[in-house]
Amino acid sequence: MTVTKMQGPGAPVAAEAVAPDSALTDGALKRFAAEFEPVLAGLLQPLQGIPRLGEAMAYSLLDGGKRLRPFLLVTAAGLYGVARPSAMRAAAAIEMVHSYSLIHDDLPCMDDDVLRRGRATCHVRYDEATAVLAGDALLTAAFALLADPRTDADPACRIELVRLLSGAAGAQGMVGGQMLDLLAEGEALAQDALERLHGLKTGAMIVCAVECGAVLGRAPAEERAALCEYARLLGLAFQVMDDVLDVSGTAEELGKTPGKDAVAEKSTFVSLLGVDGARAYAGELAARAAAAIETIGGTEQLRAVADYIVRRRA
Ligand code: GRG
């Protein structure tokens, strides 16, 4: 990827900060998803005893999605040599919370969508009550996974993981961001307000994924902080590109309904900056994200994710 020097606020960023090979990440993500799938299915299996509920949980959790947050967690943990089964369990917890948020976001009382990951949303395939319960069950299962000694032998580490996930998922994170998003429908938001909203709604869980990897790895404090800053910028770049794809992608490419932001009269990075401006901003953010971890050894793969984020088509 050719990265232009950033135009906006913040320090200038060297183009070399971004690892060049975005195909590497595409292939690596797909390989990771294939390895992650049976782990996720195995962890879900004991929770599937209740008819319909278990099916709906599996329908929404398995066989789909980019698995970006789990990939980030496992890759960050890998920097510090964390045992893969431990990292995979924490990654499964993050993906369960992500999956719950998508189920609830698609409900008629929220985004009212019928298409997710290229197929019917959970409430369309089952019914609203089942979708609410499947989301609730995935959310609560995530914390049980993190609290289990098989995730990490040290209770202090497990408590820290639980603290991070509850913070990122709740009122001071994703749920708070979702509320701001609902309140903002029909309102013209300034860029700083839009960034705050998305920092909570989308960014908090991305930061949480990377930080959980650092916590499992007992990363030194300054490296943990740098990884969090990388993830914050990455999360924002991800959201800016989500807005771009909402106006430029097709339902077939995205696996979800495009054009919904305009219908809901939402402020987006595209409405504020235009499509080209938003793309350029996402590129700047990705370069800054990569630069934040440039001095940490072994971070090529994480830096390549920043490139992938701005090139993704779904
Ligand atoms: C309902 C509590 C609650 C929260 C909803 C995450 C969220 C908050 C809403 C999802 C709606 C949305 C389109 C958000 C923008 C960015 C985002 C989180 C996209 C979906 O994540 P991907 O692209 O999805 O990683 P996959 O399918 O790849 O897992």
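Basis for what follows: all heavy atoms, side chains included, without hydrogens, waters or symmetry-related copies. Small disclaimer: the values here were computed from a predicted structure and weren't measured. When a residue number appears, it is its place in the shown sequence, counting from 1. When a ligand or atom number is given, it counts from 1 through the structure's own listing order.
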Close side-chain approach of Tyr59 to Arg119, heavy-atom, < 4.5 Å: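 The answer is yes, as the side chains (C-beta and beyond) meet within the 4.5 Å cut-off.
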
For Asp242 and ligand 1, answer yes if some heavy atom of the residue is under 4.0 Å from a ligand atom, otherwise no.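 It does, in that a heavy atom of Asp242 comes within the 4.0 Å cut-off of ligand 1.
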
Please state whether Arg69 comes within less than 4.0 angstrom of ligand 1, counting heavy atoms only.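 Arg69 counts as a contact of ligand 1 under the 4.0 Å cut-off.
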
Show which atoms of ligand 1 fall inside a sub-4.0 Å distance from at least one heavy-atom site of [X].
X      : answer
Gln239 : 15 (C), 16 (C)
Arg117 : 26 (P), 27 (O), 29 (O)
Val175 : 2 (C)

Can you find an N/O atom of His98 closer than 3.5 Å to an N/O atom of ligand 1?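 There is such a contact, yes.
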
For ligand 1, is there an N or O atom under 3.5 Å from any N or O atom of Lys66?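 By distance alone, the answer is yes.
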
Nearest-contact summary for atom 17 (C) of ligand 1 - protein heavy atom, Å: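 Its nearest protein heavy-atom neighbour is Phe238 CE2, 3.9 Å.
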
Starting from atom 14 (C) of ligand 1, which protein heavy atom do you reach first, and at what distance in Å?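 The answer is Lys201 CE, 3.7 Å.
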
State whether [X] and [Y] are salt-bridged, where the test is any N-O pair (Lys NZ or Arg NE/NH1/NH2 against Asp/Glu carboxylate O) under 4.0 Å.
X      : Y      : result
Asp307 : Arg303 : no
Glu55  : Arg52  : no
Arg67  : Glu95  : yes

